[in-house]
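Chain naming here is simple, since letters A, B, ... match the order of the sequence lines and numbering starts at 1 in each.
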Amino acid sequence: MPELPEVETVRRDLAESVLGLVIDSAEAYDEMILVGLTAGQFARRLAGKQIVDIRRSGKVLIIELSGGECLLVHLRMTGRLYPLPMGQAVPDHTRAVFHLSDGRKLVFVNPRRLGRLEIADCDRLAEAKLLRKMGIDALSEELDEQVVGEMLRPHSIVLKQWLLDQSHIAGLGNIYASEILHRCRLHPDTPANTLDARAARKLLRTIRRVLEEAIKWRGTTVSDYVTGRGVPGEFQKRLRVYGREGKRCRCRNCSGVIVRTTHAGRSTYYCPQCQPAAR
DNA sequence: AAGAAGTCCTGGGCGC
DNA sequence: TGCGCCCAGGACTTCT
């Protein structure tokens, strides 16, 4: 499921392969994936625009176009965005196609129709639906231990759910939330507001370390995710808890066995030995 | 205002 | 072989 490292990998790949190209034309086959615009408006507003920059905020890709508008892309669970190699057929569940000036097609594939595309004014991005409620990007320099401490303080919810709430720190999803908690030895049910300054600092450092490592390995592929080159990531081989129920903890000198629980209907994995329950 | 619960989406895996 | 059930999870809506 594309979380920050997966979206960042797609961003880097697209920056290499499509930056500077012109979108000759664009088609949306499914209006449900469009936020606040029709398929006709989508086609008209993108035709002839050059791709001048590709940025990212949280899990949202921000494709800056000539003329001052930005195309926002949220892959959600099953979304893929990559340029189709020449001569290859458009895959099943393609919801939108961007015809590029070098003859290739950039395809937005989305089996579960959860992904979203939005067009917004580049200098009013904060008002865009896909970005409006978003907090600070997990890798942003604006995020320091003091800010994280202040974000944690008003919330009694458990850390696992706090980490998934994009209005605090943006970019984490279900896989990395479990991985991060394991690597800083915090039980997923620890109430967010019980972390002291030291624990908040450790949490922030772990978030950065895990995300950067996952970016280095080009993201985690569990089912649908592919990079901007259309191939799977590698970080799934390095997961320590996610998807490892019943298996031995990978920590040195730990004999724990990974347990799966659920929070708000989502799987959570942890090691009861490394991550003892909060007192 | 925080937080909990319900909802949406659909391919794939499973049991029978 | 085919049918029906359930699961995956990101984010939004609704309710307390």
Side-chain angles (χ1 to χ4, degrees), chain A residues 1-8 10 28-36 56-62 72-81 91-96 107-118 120 126-138 150-181 188-195 207 211 214 219-226 232-233 235-236 239 241-246 260-270:
Chain A
M1 308 108 239
E3 305 177 31
L4 188 150
E6 291 73 39
V7 179
E8 176 62 19
V10 171
Y29 303 132
D30 182 358
E31 283 198 338
M32 186 177 144
I33 59 149
L34 301 179
V35 177
R56 179 192 57 73
S57 183
K59 301 174 192 173
V60 177
L61 270 178
I62 302 170
L72 309 183
V73 182
H74 200 317
L75 300 170
R76 291 271 191 99
M77 256 200 86
T78 57
R80 302 175 166 196
L81 182 68
D92 282 349
H93 314 300
T94 297
R95 310 295 178 193
V107 290
F108 181 64
V109 183
N110 205 213
R112 274 173 228 181
R113 304 170 78 200
L114 290 169
R116 292 291 181 267
L117 302 177
E118 183 177 10
E127 294 166 31
K129 271 233 170 74
L130 292 181
L131 296 171
R132 211 164 42 190
K133 290 176 182 167
M134 186 172 293
I136 305 178
D137 185 85
E150 283 163 16
M151 284 176 164
L152 288 163
R153 202 170 306 132
H155 299 281
S156 58
I157 54 164
V158 300
L159 268 182
K160 169 68 191 321
Q161 288 180 253
W162 187 88
L163 288 173
L164 291 181
D165 188 333
Q166 304 299 300
S167 71
H168 309 131
I169 297 178
L172 305 179
N174 207 41
I175 295 176
Y176 294 107
S178 282
E179 293 296 314
I180 287 160
L181 290 171
D189 288 334
T190 311
N193 57 8
T194 60
L195 264 61
I207 288 170
L211 295 180
T220 303
T221 295
V222 171
S223 55
D224 295 83
Y225 161 71
V226 295
F235 194 71
Q236 60 277 11
L239 295 173
V241 288
Y242 185 87
R244 298 191 66 246
E245 182 182 16
R260 185 182 81 93
T261 56
T262 60
H263 290 90
R266 312 292 181 244
S267 300
T268 301
Y269 298 87
Y270 70 101

How long is the line joining CZ of Arg112(A) and C1' of dT7(B), in whole Å?
16 Å
Most 5' of Gly265(A) and Lys59(A) on DNA chain C, judged by nearest nucleotide:
Gly265(A)
What is the distance, rounded to the nearest whole Å, between atom NE2 of His263(A) and atom C1' of dG3(B)?
14 Å
For Tyr176(A) and Glu6(A), does a side-chain donor sit closer than 3.5 Å to a side-chain acceptor?
yes
Identify, between Gln161(A) and Arg266(A), the residue whose nearest nucleotide on DNA chain B lies closer to the 5' end.
Gln161(A)
Between the side chains of Asp189(A) and Lys160(A), is the shortest nitrogen-to-carboxylate-oxygen separation below 4.0 Å, so that they form an ion pair?
no
With sugar-phosphate meaning primed atoms plus P, OP1 and OP2, does Thr78(A) contact a base, only sugar-phosphate, or nothing at under 4.0 Å between heavy atoms?
nothing
Does Arg260(A) reach a base, just sugar-phosphate, or nothing at all? Heavy atoms under 4.0 Å.
sugar-phosphate
Out of dA11(C), dG9(C), dC9(B), which nucleotide sits closest to the side chain of Arg113(A)?
dC9(B)
Identify which nucleotide among dC9(B), dG11(B), dA2(B) has an atom closest to any side-chain atom of His93(A), counting heavy atoms from C-beta outward.
dG11(B)
Side-chain atoms of Tyr242(A) come closest, of dG10(C), dA8(C), dT13(C), to dA8(C)
Please state how far atom CZ in Arg116(A) lies from atom P in dA11(C), giving the value in whole angstrom units.
11 Å
Minimum-distance nucleotide (side-chain atoms of His155(A) versus dA8(C), dA2(B), dC8(B)):
dA2(B)
Whole-Å distance separating the CG atom of Leu164(A) from the P atom of dA8(C):
14 Å
From NZ of Lys160(A) across to C1' of dG10(C) the rounded distance in Å is 12 Å
Are any of the side-chain nitrogens in Glu8(A) or Arg56(A) under 4.0 Å away from the carboxylate oxygens of its partner?
yes
By nearest nucleotide on DNA chain B, pick out whichever of Ile157(A) and Arg76(A) is the more 5' one.
Ile157(A)
Is it the case that Ser267(A) and Arg260(A) place a side-chain donor and acceptor less than 3.5 Å from each other?
yes
